[in-house]
Amino acid sequence: MTTLDTCALGTPHDVYDAQCPCRGVLDLLADKWSALAIGALEDGALRFGELKKRLMGISPKVLIATLRRLEDRGLLTREVFAEVPVRVEYSLTELGIDAARPLRGLRDWVESNIERFPAV
């Protein structure tokens, strides 16, 4: 039986194990829009419109879904301010800040090595 503490057959977490809960987190973090949203929030809280502008090419529907997934997994918080009009800001949690570090390294590596890839 699989639990949140172990994978199949009671082994420690192993992302290669089909039943490991790590796979869901890896899927979330490896998603292009998740990685970019986390990166955009590294410098501080942003409103929805600011995030949409920063993440050029993302549709509002996909951005909403991405933010909800990140919030559900504890990587960011959504703060609603009682103002007219209502102001909503998104910011990274401690877990999100921790996840941002390796994602930043991956983004930096891609930018530094993009010329090495064949043109598509």
Side-chain angles (χ1 to χ4, degrees):
M1 173 178 237
T2 302
T3 68
L4 291 180
D5 295 327
T6 59
C7 296
L9 304 174
T11 60
H13 293 301
D14 179 359
V15 295
Y16 295 103
D17 184 329
Q19 301 303 313
C20 186
C22 298
R23 286 226 178 154
V25 175
L26 183 61
D27 180 53
L28 174 63
L29 295 175
D31 175 74
K32 167 181 68 176
W33 294 120
S34 292
L36 292 174
I38 289 170
L41 291 167
E42 278 186 287
D43 292 331
L46 293 173
R47 296 175 71 174
F48 184 86
E50 295 169 323
L51 273 168
K52 187 175 178 320
K53 185 177 179 180
R54 179 80 173 110
L55 304 179
M56 293 181 247
I58 193 169
S59 71
K61 181 179 177 180
V62 171
L63 180 54
I64 289 168
T66 300
L67 294 172
R68 284 183 182 155
R69 286 179 68 202
L70 293 170
E71 183 180 15
D72 289 346
R73 294 307 294 234
L75 294 160
L76 65 80
T77 59
R78 177 181 183 267
E79 187 173 3
V80 180
F81 296 88
E83 300 174 357
V84 178
V86 174
R87 178 171 53 107
V88 178
E89 289 185 349
Y90 298 88
S91 58
L92 294 177
T93 61
E94 185 176 327
L95 182 62
I97 292 167
D98 287 347
R101 291 181 188 109
L103 290 172
R104 181 183 331 112
L106 179 60
R107 289 190 312 272
D108 291 347
W109 183 88
V110 169
E111 289 176 345
S112 297
N113 289 279
I114 191 64
E115 299 302 324
R116 297 173 61 194
F117 289 88
V120 178

Single-linkage hydrophobic cluster, 4.5 Å side-chain cutoff, L95 and L92 together: yes
Heavy-atom side-chain proximity of I38 to L29 below 4.5 angstrom: yes
Cluster link L41 to M56, ILVMFWY, side chain under 4.5 Å: no
Verify same cluster id: L106, L26 (apolar side-chain graph, 4.5 Å): no
Salt-bridge present (E89, R87; N to O < 4.0 Å): yes
Atom pair NZ/CG of K52 and L46 - distance to nearest 0.5 Å: 14.5 Å
Residues, nucleotides or ligands: over 12 heavy atoms within 6.0 Å of E94 CD: no
Polar side-chain atom of E50 near backbone of R47 as donor-acceptor pair, under 3.5 Å: yes
Considering all heavy atoms, the nearest A99-L75 contact: CB-CD2, 4.0 Å
Point-to-point distance, once rounded to the nearest 0.5 Å, from NZ of K53 to CZ of F48: 14.5 Å
Atom of R107, atom of A35 and distance for their closest heavy-atom approach: NH1-O, 3.4 Å
Polar side-chain atom of T93 near backbone of G74 as donor-acceptor pair, under 3.5 Å: yes
Min side-chain heavy-atom separation V86-F81 under 4.5 Å: no
Cluster check L36, V110: I/L/V/M/F/W/Y, side chain < 4.5 angstrom: no
Side chain to side chain, P21 and H13, heavy atoms closer than 4.5 Å: yes
Shortest non-hydrogen contact from L51 toward A37: CD2-O, 4.4 Å
Sole residue of L70, D27, L103, L67 in side chain to side chain contact (heavy atoms under 4.5 Å, CB included) with S34: L70
Chi angles and distances behind the side-chain contact (heavy atoms from CB on, under 4.5 Å) call for E71, T77: CA-CA 6 Å; E71 183 180 15; T77 59; 5.8 Å; no
Nearest-0.5 Å distance, OG1 of residue T66 to CH2 of residue W33: 8.5 Å
Under-4.0 Å salt bridge between R23 and D14: no
CZ (R68) with more than 12 external heavy atoms under 6.0 Å: no
L28 with Y16, same ILVMFWY side-chain cluster at under 4.5 Å: no
